[in-house]
Protein chains: 2
Amino acid sequence: MIDTKQKILDAAEQLIAGQGYAATSLRQIITSAGVNLASIHYHFGSKEELLDELVRRKAVPVNEKRLEILDRYAAEAGGGPVPIEKVLDAFLTPMAEAATRQPQFVRVMGRVIVEGLLPAVIQKNFQPVLNRFIGALREGLPHLSASEFQWRIQFMIGAMAHTMCGTIEQDGDFGTRIARLIVFLSAGFRAPATEGK
Amino acid sequence: MIDTKQKILDAAEQLIAGQGYAATSLRQIITSAGVNLASIHYHFGSKEELLDELVRRKAVPVNEKRLEILDRYAAEAGGGPVPIEKVLDAFLTPMAEAATRQPQFVRVMGRVIVEGLLPAVIQKNFQPVLNRFIGALREGLPHLSASEFQWRIQFMIGAMAHTMCGTIEQDGDFGTRIARLIVFLSAGFRAPATEGK
DNA sequence: GTCTATACTGAGATAGAC
DNA sequence: GTCTATCTCAGTATAGAC
């Protein structure tokens, strides 16, 4: 059946979003999907490659949308730096839109980052996008040393990843959460450089 | 031997700091420590309880120090709110001091939070301390709604956890890293409330 | 090409001898 | 306290049915 693959992906997404990747066994997935154990290795090769495909399928369109919006903002800025609120908005809004249709996917993404999985996939699919956004942020923040800027990027990544996991009860929708995150992060980025460092 | 337990703890700390908890097997630990597999279950009961003890041993003094410093700052403030820079400083400095003596420990702590381990231990050992600090932060931030304040706490936790893991190469010492984190987070907390939310 | 049955290795956990 | 042997379950691999 052509949809054996689909059934596996759907079941895996559901389970991983809920319990995390490490806690989800292939035997749980095949039971939930109603397929045979070996079919996972036939269609994907390994547990990790299953996750890889799960992430890539949906991350690719999100990343395309991100770049599209950033390009638009860059054009509006006409050569000058894009305000960091807008850079962050371009990065987070496509994720929020994906979240309304596919709430599980965002949680899977959070899990991937938070469990430190798939460094190869992150590298390959996200690093180019991330680099574009980091470059855009940098233009708006010339007052920071290279080192301090890099650390603020790390703070941002940590806050974003933890927020996406959303283990705490969701009050309000994902859009509200992101609006608040943008306010918080923008202020953090705009803060004056740390004294004497 | 009385130090079988110690040898296990030391080997486990080393390995978990480097590879993470999930990636570290009990068989790796016993090989590195030069002890028998069953001795782990004799001394600790399970892999999880081993981690539990690993964390608790060092987290307890750090948490005591945190409260001590916060109490001092609160006394200095004489009933008024403690500036959030100082609250964050009271929370992070004892960790930084522990890091200079025991650099592995901080990474283990980061792993625990980032891998989502030991919710029970976090709850028991850290929640009381965290609640004190959250209360102290709240006093200095009356302009935020309860919901927005809670989210900013989440952003802070994410940024802290990711920073502690320090998977990126350490430029500068831990103290510098923390000074920068405080500047970033303080500005984020002080940002005006998100419009219309 | 697709799926089933079954076996292999390594994980954490446990019982019982010493 | 310590060690050996063993249990269950994980991810993985493959041979062979359709």
Side-chain angles (χ1 to χ4, degrees), chain A residues 1-57 108 111-122, chain B residues 1-57 108 111-122:
Chain A
M1 290 266 234
I2 183 84
D3 62 4
T4 295
K5 196 168 171 176
Q6 195 58 44
K7 282 194 281 188
I8 293 170
L9 285 168
D10 290 343
E13 184 171 69
Q14 198 73 21
L15 288 164
I16 293 172
Q19 321 172 334
Y21 172 77
T24 302
S25 75
L26 295 181
R27 284 160 174 90
Q28 274 182 298
I29 295 171
I30 58 129
T31 303
S32 169
V35 301
N36 185 274
L37 174 59
S39 61
I40 287 186
H41 290 90
Y42 174 75
H43 286 288
F44 302 99
S46 72
K47 186 185 181 184
E48 195 172 318
E49 286 170 289
L50 164 59
L51 180 61
D52 184 303
E53 183 145 341
L54 203 56
V55 169
R56 188 171 11 222
R57 264 198 321 169
V108 171
R111 296 286 192 181
V112 168
I113 297 173
V114 139
E115 294 187 46
L117 309 165
L118 297 181
V121 179
I122 302 292
Chain B
M1 290 268 232
I2 183 83
D3 61 4
T4 294
K5 196 167 171 175
Q6 195 58 43
K7 283 194 282 188
I8 293 170
L9 285 168
D10 290 343
E13 185 171 70
Q14 199 73 21
L15 288 164
I16 293 171
Q19 321 172 332
Y21 172 78
T24 302
S25 74
L26 295 182
R27 283 160 175 90
Q28 274 182 299
I29 294 171
I30 59 134
T31 303
S32 169
V35 300
N36 184 273
L37 175 59
S39 62
I40 287 187
H41 291 92
Y42 174 76
H43 286 288
F44 302 99
S46 71
K47 187 185 181 186
E48 195 172 319
E49 285 169 290
L50 164 59
L51 179 61
D52 185 303
E53 182 145 341
L54 203 57
V55 168
R56 188 169 14 218
R57 266 198 319 169
V108 171
R111 296 286 192 182
V112 168
I113 298 172
V114 139
E115 294 187 46
L117 310 165
L118 296 181
V121 178
I122 303 292

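Naming: A, B, ... by sequence-line order, numbering from 1 per chain. Being a predicted model, the structure only gives us computed values, none of them experimental.
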Enquirer: What pairs of residues pass the salt bridge (charged side-chain N to carboxylate O under 4.0 Å, His left out) test when at least one of them lies in residues 9-23 of chain B, not counting sequence neighbours?
Expert: E13(B)-K58(B)
Enquirer: Rounded off to whole Å, could you give me the CD1-to-P distance for the I29(A) and dT12(D) pair?
Expert: 11 Å
Enquirer: Do the side-chain N or O atoms of S39(A) get closer than 4.0 angstrom to the phosphate oxygens (OP1, OP2) of dT4(C)?
Expert: no
Enquirer: Working to the nearest 0.5 Å, report the span between CG of L50(B) and CD1 of I16(B).
Expert: 6.0 Å
Enquirer: Does S32(A) have any side-chain contact (heavy atoms from CB on, under 4.5 Å) partners at least two apart in sequence or in another chain, and if so, which?
Expert: A11(A), L15(A)
Enquirer: Can you measure L15(A) atom CG to dG11(D) atom P for me and round it to whole angstrom units?
Expert: 12 Å
Enquirer: So for the helix from dG1(C)-dC18(D) to dC18(C)-dG1(D), with five pairs setting each end axis, what is the inter-axis angle to 10°?
Expert: 10°
Enquirer: I need the minimum non-hydrogen distance between K7(A) and A33(A), along with the two atoms involved.
Expert: O-CB, 3.6 Å
Enquirer: Show the distances under 3.5 angstrom between N or O atoms of the protein and N or O atoms of nucleotides 12-16 of chain C.
Expert:
residue: dG12(C); atom: OP1; partner: L26(B); partner atom: N; Å: 3.1
residue: dG12(C); atom: OP1; partner: K47(B); partner atom: NZ; Å: 3.2
residue: dG12(C); atom: OP2; partner: L26(B); partner atom: N; Å: 2.7
residue: dG12(C); atom: N7; partner: R27(B); partner atom: NH1; Å: 2.6
residue: dG12(C); atom: N7; partner: R27(B); partner atom: NH2; Å: 3.2
residue: dG12(C); atom: O6; partner: R27(B); partner atom: NH2; Å: 3.1
residue: dA13(C); atom: OP2; partner: H41(B); partner atom: NE2; Å: 3.0
residue: dA13(C); atom: OP2; partner: K47(B); partner atom: N; Å: 2.9

Enquirer: Do any pairs count as a salt bridge (charged side-chain N to carboxylate O under 4.0 Å, His left out) and have a residue in residues 41-54 of chain A, sequence neighbours left out, and if so which ones?
Expert: K5(A)-E53(A), D52(A)-R56(A)
Enquirer: Provide, to the nearest angstrom, the distance between the CG atom belonging to N36(B) and the P atom belonging to dA17(C).
Expert: 17 Å
Enquirer: How many whole angstroms separate atom CZ of F44(A) from atom C1' of dG11(D)?
Expert: 16 Å
Enquirer: In whole angstroms, how far is the P atom of dA10(D) from the CD atom of Q19(A)?
Expert: 11 Å
Enquirer: In whole angstroms, how far is the P atom of dC3(C) from the CD1 atom of I40(A)?
Expert: 12 Å
Enquirer: Sort and list the pairs that fulfil salt bridge (charged side-chain N to carboxylate O under 4.0 Å, His left out) and have at least one residue in residues 25-37 of chain B, not counting sequence neighbours.
Expert: none
Enquirer: I need the N36(A) CG to I8(A) CD1 distance, nearest 0.5 Å.
Expert: 9.0 Å
Enquirer: Using the side chain to side chain donor-acceptor pair (under 3.5 Å) criterion, which residues pair with S39(B)? Sequence neighbours excluded.
Expert: none
Enquirer: Any side-chain N or O of Y42(A) below 4.0 angstrom from OP1/OP2 of dT2(C)?
Expert: yes
Enquirer: Run the side-chain contact (heavy atoms from CB on, under 4.5 Å) test against I30(A) and tell me which residues pass, sequence neighbours left out.
Expert: V35(A), L37(A), I40(A)
